[in-house]
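Keep in mind it's a predicted model, so treat the numbers as computed, not measured.
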Amino acid sequence: MYENMKGVWPAMLTPMDGNGRPEFKQLEKWVDVLIAQGVDGLYLLGSTGQGFLLSEADRNKVTEITADVNAGRVPIIVQVGSMTTQESVRLAKHAAQCKVDGISSVAPVYYGPTDGSSGMALAHYGAIASATDLPFFPYQLGATSFSDGLGGFINKLLKMPNMAGMKLTTNNLLEISTISYSSKGELVLFSGADELMCHAVLCGTNGAIGSYYNVFEPECKHVREAFVKGDVALATDFMLVFQEVIAETLPNIWTFFRQAIQMRYGVDIGGSIAPVGNTNKVWEDKKIEELIDRVVKAAKIGG
């Protein structure tokens, strides 16, 4: 049923103007550029897309424009989680009107459960999942969060309507494996840690959603596909370089993304919305070139 829900998807950066609003003309250009890179799908308005820092109206507009420009070329999942369940449900219903391919949501934000149970998150997810007929992809919450354990939490998720898969925002490979075997193949699983793109394949993931695929989609897609086919040597060599570049760029990640995308694809995604990235330093062009070159060479496309 979900054959198109796989592969490498950028957690799409939302181009911004200087006032903390989406820059819609650049957004149109950016969607076309990403599709031209060969993305397997687009994941909108998550943390990388700064969805939580935007108004409901702006989030809706980003979804509308992206769906319109895409015109069905690749599948789209929209992250609809927000501070309230009511707003999340409204965002989900709007996404369905835009005829996207799925919706996703983070767990309840800021106000966590006081009793250590999963009930709060399950009720939140259940309301969102029931709001439309779209496939639903909630975020993974962690193995030690609840008294019934991660396996018990997955069993409860599986009983929800339209439950299709999960976005696994964890660096813990055992948690990914636990979700995989607990779901008995019923969930489409996307790894969320770029640093573990290939590692997570061994834990049962169907694809990967991440920030750095905005810059390095061709390379990451090539390597992941090669790894699935058995090229362990390429994946090992590439992931070590990729992890090193990620570690080096994380302290100034927002300026890295902006400058690298401008340099490589000619799109200005603008700055991040304060306080996000408010201490990021501007990179020297030569350093950006070197970082891009390291990842490109490690992928050995055509080599």
Side-chain angles (χ1 to χ4, degrees), residues 1-6 9 11 41-47 49 51-52 54-64 66-67 72 75-142 145-169 179-180 182-190 192 206-207 209:
M1 184 181 299
Y2 305 120
E3 281 299 312
N4 62 343
M5 298 292 186
K6 60 184 179 181
W9 297 38
L42 296 171
Y43 186 88
L44 310 187
L45 297 165
S47 301
F52 288 95
L54 299 177
S55 69
E56 184 176 346
D58 278 347
R59 291 175 73 168
N60 285 340
K61 189 68 173 177
V62 168
T63 300
E64 291 168 13
T66 303
I76 293 173
I77 295 175
V78 182
Q79 197 289 123
V80 299
S82 68
M83 285 294 293
T84 69
T85 301
Q86 286 182 323
E87 182 175 318
S88 301
V89 166
R90 291 196 301 269
L91 288 164
K93 290 180 177 179
H94 176 268
Q97 293 171 1
C98 295
K99 299 182 179 179
V100 300
D101 301 270
I103 52 173
S104 179
S105 177
V106 296
V109 180
Y110 186 74
Y111 294 98
T114 57
D115 59 357
S117 75
S118 58
M120 181 180 182
L122 287 166
H124 181 66
Y125 284 158
I128 297 169
S130 302
T132 77
D133 292 327
L134 290 173
F136 180 49
F137 296 81
Y139 276 54
Q140 171 266 354
L141 293 177
S145 300
F146 310 118
S147 58
D148 52 357
L150 186 53
F153 180 71
I154 297 302
N155 289 333
K156 292 174 182 177
L157 278 181
L158 287 169
K159 296 175 183 177
M160 288 186 185
N162 305 310
M163 183 57 53
M166 298 185 76
K167 183 176 184 289
L168 309 177
T169 55
I179 293 170
S180 183
S182 296
S183 67
K184 297 178 174 61
E186 293 184 41
L187 296 178
V188 176
L189 303 178
F190 287 94
N206 305 84
I209 295 171

For residues 97-110, dump all side-chain donor-acceptor pairs below 3.5 Å to protein atoms at least two apart in sequence or in another chain.
| residue | atom | partner | partner atom | Å |
| --- | --- | --- | --- | --- |
| Asp101 | OD2 | Ile76 | N | 2.9 |
| Ser104 | OG | Tyr43 | OH | 2.7 |
| Ser104 | OG | Phe137 | O | 2.5 |

* To do: Taking all non-hydrogen atoms of both residues into account, name the closest pair between Gly46 and Tyr139 and its distance.
  => CA-OH, 4.4 Å

* Gap between atom CG of Leu134 and atom CD1 of Ile128 - 0.5 Å precision -> 12.5 Å

* Asked: Is there a side-chain contact between Met166 and Ile154 (heavy atoms, below 4.5 Å)?
  -> yes

* Would you please name every residue forming a salt bridge (charged side-chain N to carboxylate O under 4.0 Å, His left out) with Glu56, sequence neighbours left out? => Arg90

* Asked: Side chains of Pro75 and Trp9: does their closest heavy-atom pair fall under 4.5 Å?
  -> yes

* Asked: Can you list the steps and then say if Met163 with Tyr125 is a side-chain contact (heavy atoms from CB on, under 4.5 Å)?
  -> CA-CA 10 Å; Met163 183 57 53; Tyr125 284 158; 5.7 Å; no

* Would you give the length of the straight line joining atom CG of Leu54 to atom CG of Asn60, rounded to the nearest 0.5 angstrom? => 11.0 Å

* Structure fact -> By side-chain hydrogen bond (donor to acceptor under 3.5 Å, both in side chains), Thr85 pairs with (sequence neighbours left out) His124

* Results of side-chain hydrogen bond (donor to acceptor under 3.5 Å, both in side chains) for Ser82 - residues two or more places apart only -> Ser88

* Which atoms form the tightest heavy-atom contact between Ala129 and Asn162, and what is the distance? -> O-ND2, 2.9 Å

* **Residues that Glu64 engages under side-chain hydrogen bond (donor to acceptor under 3.5 Å, both in side chains), provided they are two or more places apart** => His94

* Do you know the tightest heavy-atom contact between Ser182 and Asn155? -> O-OD1, 3.8 Å

* Asked: Considering residues at least two apart in sequence or located in another chain, which fulfil the side-chain contact (heavy atoms from CB on, under 4.5 Å) criterion with Ser55?
  -> Ala57, Asp58

* Given Phe190 and Met5, is the side-chain contact (heavy atoms from CB on, under 4.5 Å) satisfied, shown in steps? -> CA-CA 9 Å; Phe190 287 94; Met5 298 292 186; 4.3 Å; yes

* Ser180 and Ser183: which non-hydrogen atoms are nearest, and at how many Å? -> O-OG, 3.0 Å

* Asked: So do Lys93 and Val89 actually touch side chain to side chain, heavy atoms under 4.5 Å?
  -> yes

* To do: Enter the distance from Phe136:CZ to Met160:CE here, rounded to the nearest 0.5 Å.
  => 7.0 Å

* Asked: Taking side chain as C-beta onward, heavy atoms only, is Lys6 less than 4.5 Å from Val188?
  -> no

* Pairwise distance CD(Gln140) to CG(Leu168) - rounded to 0.5 angstrom -> 6.0 Å

* Asked: Between atom CG of Leu45 and atom CD1 of Ile77, what is the distance when rounded to the nearest 0.5 Å?
  -> 12.5 Å

* Structure fact -> Interatomic distance, CG@Leu157 vs CD1@Ile179, rounded to 0.5 Å, equals 9.0 Å

